[in-house]
Engineer: 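So that we are looking at the same thing, I have put the structure below in structure tokens.
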Amino acid sequence: MSDLGMVIVGAGETGARAAVELRTAGWNGPITLIGKEPLAPYERPPLSKFTLISEEEPKPATILDEVRLSEHNIGWIPNNQVVGIDRVNHSVELSNGQQIRYERLLLATGAAPRKLTIEGSDTTGLLYLRTFADAVALRTRFQPGKHIAVIGAGFIGLEVAASARELGCSVTVIEVGPRILMRGVPEEIARIVEARHRMAGVRFKLGISIQGIMNTSEGHLITLADGTDIPCDTVVVGIGAIPETSLAAQSGLTIENGIYTDEYLATSDNDIFAAGDCCSFPHKLYGGRRIRLEAWRNAQDQGTHVAHNMLGASKPFVDIPWFWSDQYDQTLQVTGLPDSGVLTVCRHLSERDKLYFHLSGENRLVAASAVGLNAKIAKDIRLAEMLIHQNQAVLDPIALQNTEVKLKSLVNA
Amino acid sequence: MQELLQWVEACEADAIDEEDVIRFDHGDRTFAIYRTAKGSYYATDGYCTHEKFHLSEGLVMGTIIECPKHNGRFDYTTGAAKRTPVCVDLRTYPVKLEHNKVFIQI
């Protein structure tokens, strides 16, 4: 390879992990990590939880501080966006006008919160959560006794709702879908999560759309389709995320529910890779089904993985999807793709701790999901992930239900 | 400040399954004690160095302990951090077996 460098667009989880891994894997040339935020790469999972509720002033959970950046000789450029890619000359142009040439380019641009637009409504004062600065803004609003309306009952919305309740706010969650967590988890789990929120005092408005939002002297007034008015101090919107594909699209790369990559995370240009929330990729263990994940571990795993392929390794990415969500004292975890299963069996670990296995028509394990105390479910979900990784092991549904059968005994059996 | 080390009885040798881990609390400190598939014993600090989750609830694979929360990994025989998000090594403690009991030096 020439003396051109590795350039990474996006200094989030994926970009940071890729930068370190490129160095660890032996790349001696320049590495440039370009981020649009002023902060060094930090972990996002605490933003909806610890950052909101901690008694002390929150600090970002930094992944790569300036010491580690310099130890690894990674050139970090904050407060900048890449505004153009010159694919012929292998160079990117930054918002400050600087041009940087690349040997290989990684797009780790992430995703942005989907914005709520309602005709005739003023939605300018609504809050979203993606960055540390967003979390700090929420935190200052979450004073005891304030009424917080959360629009969207996905993971972000529910974690924010739980944090707001823990801070003594009153909370109403509004969701247009018929139930919470429509996209994320099976109905059995959603029901348990909803019950926990209701126990904590959260009010739900499910299966109803919003007719309008007005700014008032105290905050906002939300009017639902049935005419119900919900006055509140603050509105937080969590209605999903949209992959950041504009740079890739304007550069002529293929887009398909995110930046299109092959199983090696290479885009339609062999010298440009994409990883993390921004890309869709085919998963071999799911029959080449094309998926896009918005999950912390995937961001980390793909960042680490893609570094090797940028250096020429040509290894397909086959890690099993996994994510978790913490709400109150309860955690839920999902591994695999539950919607690719046709049969669900439950292992009742205890009154509170439930583990569900999702099987294909041939009794292959394609996913597992669980809700309960972290200590009770985490190990089993991890073992389930290993079983899925074993080419979706064929398993006996009866044995899966039986708590006497240790899951570890099924791995590599 | 110099630490005064002492041998403390932690558990019966067969209180830990092969290739598994248990929690051991002593005073205000907490530890994780491991048994390999071949019957050797090891001890480390109880909490992961990333966030405060107890490793005794994690999965033992060979000489690796995986944190139950974010899947960070350590080699529990050396304490070495092996997989992100952990980047700080885990402290380890000497272990001895006497009269079928596990002692750790802390």
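Letters A, B, ... mirror the listed sequences (proteins, then strands); counts begin at 1.
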Engineer: Around A/E66, counting heavy atoms of other residues, nucleotides and ligands shown, do more than 12 lie under 6.0 Å from its CD?
Structural biologist: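 No, CD of A/E66 has 12 or fewer neighbouring heavy atoms, counting only those of other groups under 6.0 Å.
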Engineer: Any heavy-atom pair between the side chains of A/R382 and B/C67 that's under 4.5 Å?
Structural biologist: no
Engineer: Measuring from atom CG of B/N71 to atom CH2 of A/W296, what distance do you get when rounded to the nearest 0.5 angstrom?
Structural biologist: 7.0 Å
Engineer: Select, from A/I381, A/V20, A/L383, A/I377, the one with the greatest count of heavy-atom pairs under 4.5 Å involving chain B.
Structural biologist: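 With the most close heavy-atom pairs to chain B, the winner is A/L383.
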Engineer: Would you say that more than 12 heavy atoms from the other residues, nucleotides or ligands in this model lie under 6.0 Å from the OH of B/Y47, or not?
Structural biologist: yes
Engineer: Under a 4.0 Å threshold between the charged nitrogen and the carboxylate oxygen, would A/K408 count as salt-bridged to B/D17?
Structural biologist: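 Here B/D17 does not pair with A/K408 in a salt bridge, since their nearest N and O are not under 4.0 Å apart.
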Engineer: Closest heavy-atom contact between B/P68 and A/A378?
Structural biologist: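 Answer, listing the atom of B/P68 first, then A/A378: O-CB, 3.2 Å.
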Engineer: Considering only heavy atoms, which portion of B/E19 lies under 4.5 Å from any heavy atom of chain A: side chain, backbone, both, or neither?
Structural biologist: both
Engineer: Give a yes-or-no answer on whether the side chains of B/H70 and A/E43 include a donor-acceptor pair shorter than 3.5 Å.
Structural biologist: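 No donor-acceptor contact under 3.5 Å links the two side chains.
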Engineer: Please report the interatomic distance OG(B/S56) to NZ(A/K379), rounded to the nearest 0.5 Å.
Structural biologist: 8.0 Å
Engineer: Test B/T84 against A/E13 for side-chain contact (heavy atoms from CB on, under 4.5 Å), laying out the working first.
Structural biologist: CA-CA 11 Å; B/T84 57; A/E13 189 75 47; over 6 Å; no
Engineer: Are there more than 12 heavy atoms of other residues, nucleotides or ligands under 6.0 Å from atom NZ of A/K354?
Structural biologist: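 Correct, the count exceeds 12.
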Engineer: Taking the side chain as every heavy atom from C-beta outward, state whether B/R83 and A/T304 have any pair of such atoms under 4.5 Å apart.
Structural biologist: no
Engineer: Determine whether more than 12 heavy atoms belonging to other residues, nucleotides or ligands lie under 6.0 Å from atom NZ of A/K406.
Structural biologist: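 No, not enclosed.
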